[in-house]
Amino acid sequence: MKPIILRSGSPRRKELLEREHYSFEIIVSDIDETMDADKTPYENVKALGLKKATFEQEKYYGSILIGCDTIVVLDGVIYGKPKDEVDAFQMLRNLSNRTHQVLSGVGIIYKEKVYNFVCVSYVTFKNLSTEDILNYIKTKECFGKAGSYAIQGIGRNLIQKYEGSLDNIIGLPIDEIKKVLDEIYAMED
């Protein structure tokens, strides 16, 4: 079996790969994640996913390198991880009663083969009261999450509906990644 290296320290990404019974190692990419103001959110997240996979790739030649970055986008604005409670409150207030996109940019490298794609899902929030938002922030679940929420946790109570891949919203579009891994495993070396 070709070894897999996940270039992310995200516990959610680790759980999603483990759920599919892949054996892998975690070696986090130490890259600058600053977005390029001249690129669209789609272009930015696609580039970041690949940048994470290619970080020091020569060290791991012969392994399958998987990089991923997930962002929340509303009206063309990227919502990253909140800096503090005020930032989380503002994000959740803006997402309330609206539909936003969750984009995951994925880069997968195996030897000379490079795969780079973006998976898009849509999430519609309920109409949240100030009390709803403050109660959610009190759980602290919003921290470390793009858009200040976790659909797989208490945050699911904020959501009216979603369209597309739930795994993508959580942070790793596993079905799309499995297709690439199947193709790589089928290759002759």
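Keep in mind that what you see is a predicted model, and the values were worked out from it rather than measured.
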- Query: Does the pair Arg19/Asp167 count as a salt bridge with the N-to-O cut at 4.0 Å?
  - Reply: yes
- Query: What heavy-atom pair brings Leu92 and Leu128 nearest, and what distance separates the two atoms?
  - Reply: O-CD1, 4.1 Å
- Indicate, with yes or no, if Tyr115 and Phe24 share a hydrophobic cluster defined by side-chain heavy-atom contacts under 4.5 Å among Ile, Leu, Val, Met, Phe, Trp and Tyr. yes
- Query: Should Asn97 and Lys126 count as side-chain neighbours, where that means a heavy-atom distance under 4.5 Å?
  - Reply: no
- At their closest point, which heavy atom of Ser104 faces which heavy atom of Pro173, and how far apart are they? CB-CD, 3.8 Å
- In terms of heavy-atom contacts, does OH of Tyr162 have more than 12 from other residues, nucleotides or ligands at under 6.0 Å? no
- Task: Please round to the nearest 0.5 Å and tell me the distance separating atom CD1 of Ile159 and atom OG1 of Thr124.
- Result: 9.5 Å
- Calculate, to the nearest 0.5 Å, the distance between atoms CG and SG belonging to Asn168 and Cys68 respectively. 7.5 Å
- Asp69 and Lys51 ion-paired at < 4.0 Å: no
- Do side-chain atoms of Lys2 reach the backbone of Ile64 as a donor and acceptor pair under 3.5 angstrom? no
- Message: Side-chain heavy atoms nearer than 4.5 Å, only ILVMFWY residues, links allowed to pass through others: does that put Leu16 and Ile27 together?
- Response: no
- Query: Do Phe143 and Ile154 sit in the same hydrophobic cluster, where Ile, Leu, Val, Met, Phe, Trp and Tyr count as joined when their side-chain heavy atoms come under 4.5 Å apart?
  - Reply: no
- Please walk me through it: do Glu131 and Tyr136 pass side-chain hydrogen bond (donor to acceptor under 3.5 Å, both in side chains)? CA-CA 8 Å; Glu131 185 181 6; Tyr136 182 63; over 6 Å; no
- Message: Using every non-hydrogen atom in the two residues, find where Tyr22 and Lys178 come nearest and quote the distance to one decimal.
- Response: OH-CG, 3.2 Å
- What do the steps show when you test Thr130 against Asp132 for side-chain contact (heavy atoms from CB on, under 4.5 Å), and what is the final call? CA-CA 5 Å; Thr130 297; Asp132 293 334; over 6 Å; no
- Under 3.5 Å, is there a donor-acceptor pair between the side chain of Thr139 and the main chain of Glu141? yes
- Quick one: do Met35 and Leu103 end up in the same hydrophobic cluster if we chain Ile, Leu, Val, Met, Phe, Trp and Tyr together by side-chain heavy atoms under 4.5 Å apart? yes
- Taken to the nearest 0.5 Å, the spacing of Arg98 CZ from Arg93 CZ works out to 13.0 Å
- Task: For Arg7 and Ile26, indicate whether the former's side chain and the latter's backbone hold a donor-acceptor pair under 3.5 Å.
- Result: no
- Message: Quick check: is Val45 connected to Val114 through a chain of hydrophobic side chains (ILVMFWY, heavy atoms under 4.5 Å apart)?
- Response: no
- If you look at every heavy atom in Glu176 and Cys119, which pair is closest and at what distance? OE2-SG, 3.6 Å
- Message: Using the ring centroid of each side chain, check whether Phe125 and Tyr149 are separated by less than 6.0 Å.
- Response: yes
- Task: Evaluate the side-chain proximity of Glu183 to Tyr110: yes if any heavy-atom separation is below 4.5 Å, no if none is.
- Result: no
- Message: Donor-acceptor check, side chain of Ser29 to backbone of Lys52, threshold 3.5 angstrom: yes or no?
- Response: yes
- Working to the nearest 0.5 Å, report the span between CD1 of Ile108 and OG1 of Thr54. 13.0 Å
- Message: Go through it in stages, so that I can follow the logic: the residues are Thr99 and Val123, the test is side-chain contact (heavy atoms from CB on, under 4.5 Å), and I'd like the CA-CA distance, side-chain angles, deciding distance and then a yes or no.
- Response: CA-CA 5 Å; Thr99 299; Val123 178; over 6 Å; no
- Message: I'd like to know whether the aromatic ring centres of Tyr79 and His100 sit less than 6.0 Å apart in this structure.
- Response: no
- Query: Hey, are the side chains of Ile109 and Tyr60 touching, using non-hydrogen atoms and a 4.5 Å cut-off?
  - Reply: no
- With a 4.5 Å limit on heavy-atom distance, are the side chains of Val106 and Val118 in contact? no
- Item | Side chain to side chain, Asp75 and Asn94, heavy atoms closer than 4.5 Å | no
- Message: Run Lys81 and Lys145 through side-chain contact (heavy atoms from CB on, under 4.5 Å) and show every step you take.
- Response: CA-CA 5 Å; Lys81 298 170 185 168; Lys145 313 288 189 307; 5.8 Å; no
- Message: Would you compute the distance between atom CZ of Arg156 and atom CG of Leu166 and round it to the nearest 0.5 angstrom?
- Response: 10.5 Å
- Note on the structure: Between Ile71 and Pro41, the two heavy atoms sitting closest are CD1-O, 3.6 Å
- Under 6.0 Å from the NZ atom of Lys113, do we count more than 12 heavy atoms belonging to anything else shown? no
- Message: With heavy-atom distances below 4.5 Å as the criterion, would you say the side chains of Glu85 and Lys138 are in contact?
- Response: no
- Is there a side-chain contact between Leu95 and Leu74, using heavy atoms and a 4.5 Å cut-off? yes
- Task: Looking only at non-hydrogen atoms, find the nearest pair between Asp32 and Leu48 and report the distance.
- Result: O-CD2, 4.0 Å
- Task: Quick one: do Val72 and Ile78 satisfy side-chain contact (heavy atoms from CB on, under 4.5 Å)? Show the steps, please.
- Result: CA-CA 6 Å; Val72 166; Ile78 296 171; over 6 Å; no
- Are the side chain of Arg13 and the backbone of Gly171 linked by a donor-acceptor contact shorter than 3.5 Å? yes
- Is the shortest distance from a Lys or Arg side-chain nitrogen in Lys59 or Glu56 to a carboxylate oxygen in the other one below 4.0 Å? yes
- Hey, are the side chains of Ile184 and Val180 touching, using non-hydrogen atoms and a 4.5 Å cut-off? yes
- Item | Main-chain N/O of Asp87 paired to Gln90 side chain as donor or acceptor, under 3.5 Å | no
- Message: For the NZ atom of Lys39 and the NZ atom of Lys46, what is their distance to the nearest 0.5 Å?
- Response: 10.5 Å
